[in-house]
**Q** 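What follows is a structure written as structure tokens; I'll ask about it next.
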Amino acid sequence: MTKAHLIDRLAERVAERTPELSRKQVEQVVNTIFTAIRDSLKKGEKTEIRGFGSFRLRTRQTKEGRNPKTGATVCVPEKRMPFFKAGKEIKELLNQCSNKEGTSHESA
Amino acid sequence: MRKVDIALKVCQEVGVSKSEALDMVEDVLEIMKEGLQKGESIKIAGFGNFIVRNKRERKGRNPRTGEEIAITPRRVVTFRPSQLFKKYVNS
């Protein structure tokens, strides 16, 4: 599923409820959501979405790396990484009907 | 930031009512969840990819008792942020 698909599907749902909303606006909605999450992390603020998961920043410490071509040691500076943790609801959703293609000894 | 805060942003940016904005945020999350449940990956340009991965059974330990237990096979969601997103939080 790409962003375009996501917009299509949202447009379908919205059309039933609020037909006066244009596709352009629906597109703007989807963009705003992801931009909002991105901006919050940039500010160092986490975003927690009930039933979906949380986005937060993890800091990677400085480490000594090597230039693979020359072998020279270089210092890799500290950097921040966006990190997503799936919520309980998603975890359950993905694992109900006991792993369809997994081996069949559930529970026990 | 929470769901309502995102809805407020949508309300301001797109000029829809607060309740409509909240409905649409819920819709987007639901659509994404449905996709993930089907095992579909979600690719959002400029943001990142949500990927469903199948994990095989493996052994784990109860960290408190040290007892060995089997971790059942399961599906998990991983998020790989896009280059842009990574650059953005470090700029």
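The structure displayed is predicted, hence computed values, not measured ones.
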**Q** Counting only heavy atoms closer than 4.5 Å, note whether B:Leu84 contacts chain A via side chain, backbone, both or neither.
**A**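 The side chain, not the backbone.
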**Q** So which residue, B:Val25, B:Val10, B:Ile42, B:Ile31, ends up with the most heavy-atom pairs under 4.5 Å with chain A?
**A**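 Most heavy-atom pairs within the cutoff with chain A belong to B:Ile31.
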**Q** Rounded at 0.5 Å granularity, tell me how far CD1 in B:Ile6 sits from CG in A:Asp39.
**A**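 Here the rounded value is 11.0 Å.
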**Q** Quick check: are there more than 12 heavy atoms from other residues, nucleotides or ligands sitting under 6.0 Å from CZ of B:Arg2?
**A**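 Open.
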**Q** Rounded to the nearest 0.5 Å, what separates atom CD in B:Gln37 from atom CG in A:Asn95?
**A** 10.0 Å
**Q** If the contact rule is any heavy atom under 4.5 Å from chain B, which residues of residues 59-67 of chain A qualify, in numerical order?
**A** none
**Q** Can you list the steps and then say if B:Glu13 with A:Asn31 is a side chain to side chain contact (heavy atoms under 4.5 Å, CB included)?
**A** CA-CA 10 Å; B:Glu13 295 278 324; A:Asn31 285 330; over 6 Å; no
**Q** Report the C-alpha separation of B:Glu34 and A:Arg9 in whole Å, then their side-chain angles, then the decisive distance to 0.1 Å, and conclude whether the side chain to side chain contact (heavy atoms under 4.5 Å, CB included) test is met.
**A** CA-CA 11 Å; B:Glu34 277 170 16; A:Arg9 287 181 211 180; 5.8 Å; no
**Q** How long is the span from the CD atom in B:Glu40 to the OG1 atom in A:Thr2, to the nearest 0.5 Å?
**A** 9.5 Å
**Q** Take atom NZ in B:Lys43; do more than 12 heavy atoms of anything else shown fall under 6.0 Å from it?
**A** no
**Q** When the side chains of residues 44-52 of chain A are checked against the rest of the protein, which donor-acceptor pairs come out under 3.5 Å, sequence neighbours left out?
**A**
from    : atom 1 : to      : atom 2 : distance (Å)
A:Glu45 : OE2    : B:Met1  : N      : 3.0
A:Thr47 : OG1    : A:Ser40 : OG     : 2.7
A:Glu48 : OE2    : A:Arg56 : NH2    : 3.4

**Q** Considering only heavy atoms and a distance below 4.5 Å, find which of B:Asn49, B:Leu36, B:Val52 pairs most often with chain A.
**A** B:Leu36
**Q** Just do the side chain to side chain contact (heavy atoms under 4.5 Å, CB included) check on B:Met32 and A:Leu6 with the steps written out, would you?
**A** CA-CA 8 Å; B:Met32 290 173 74; A:Leu6 187 56; 3.9 Å; yes
**Q** Show every side chain to side chain donor-acceptor pair (under 3.5 Å) that has at least one partner inside residues 74-91 of chain A, sequence neighbours left out.
**A**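 Listed once each, the pairs are A:Glu89-B:Lys33.
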**Q** Just give me the residue among A:Gln25, A:Lys3, A:Arg17, A:His5 that pairs up with chain B most often, heavy atom to heavy atom, under 4.5 Å.
**A** A:Arg17
**Q** Treating B:Lys9 as the side-chain partner and A:Thr32 as the backbone partner, does any N or O pair qualify as donor plus acceptor under 3.5 Å?
**A** no
**Q** Calculate, to the nearest 0.5 Å, the distance between atoms CZ and CE belonging to B:Arg80 and A:Met81 respectively.
**A**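 Between B:Arg80 CZ and A:Met81 CE, I get 8.0 Å after rounding to 0.5 Å.
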**Q** Do any pairs count as a ring pair (Phe, Tyr, Trp, His ring centres under 6.0 Å) and have a residue in residues 33-71 of chain B, sequence neighbours left out, and if so which ones?
**A**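 Listed once each, the pairs are A:Phe34-B:Phe47, A:Phe55-B:Phe47, A:Phe84-B:Phe50, B:Phe47-B:Phe79, B:Phe47-B:Phe85, B:Phe50-B:Phe79.
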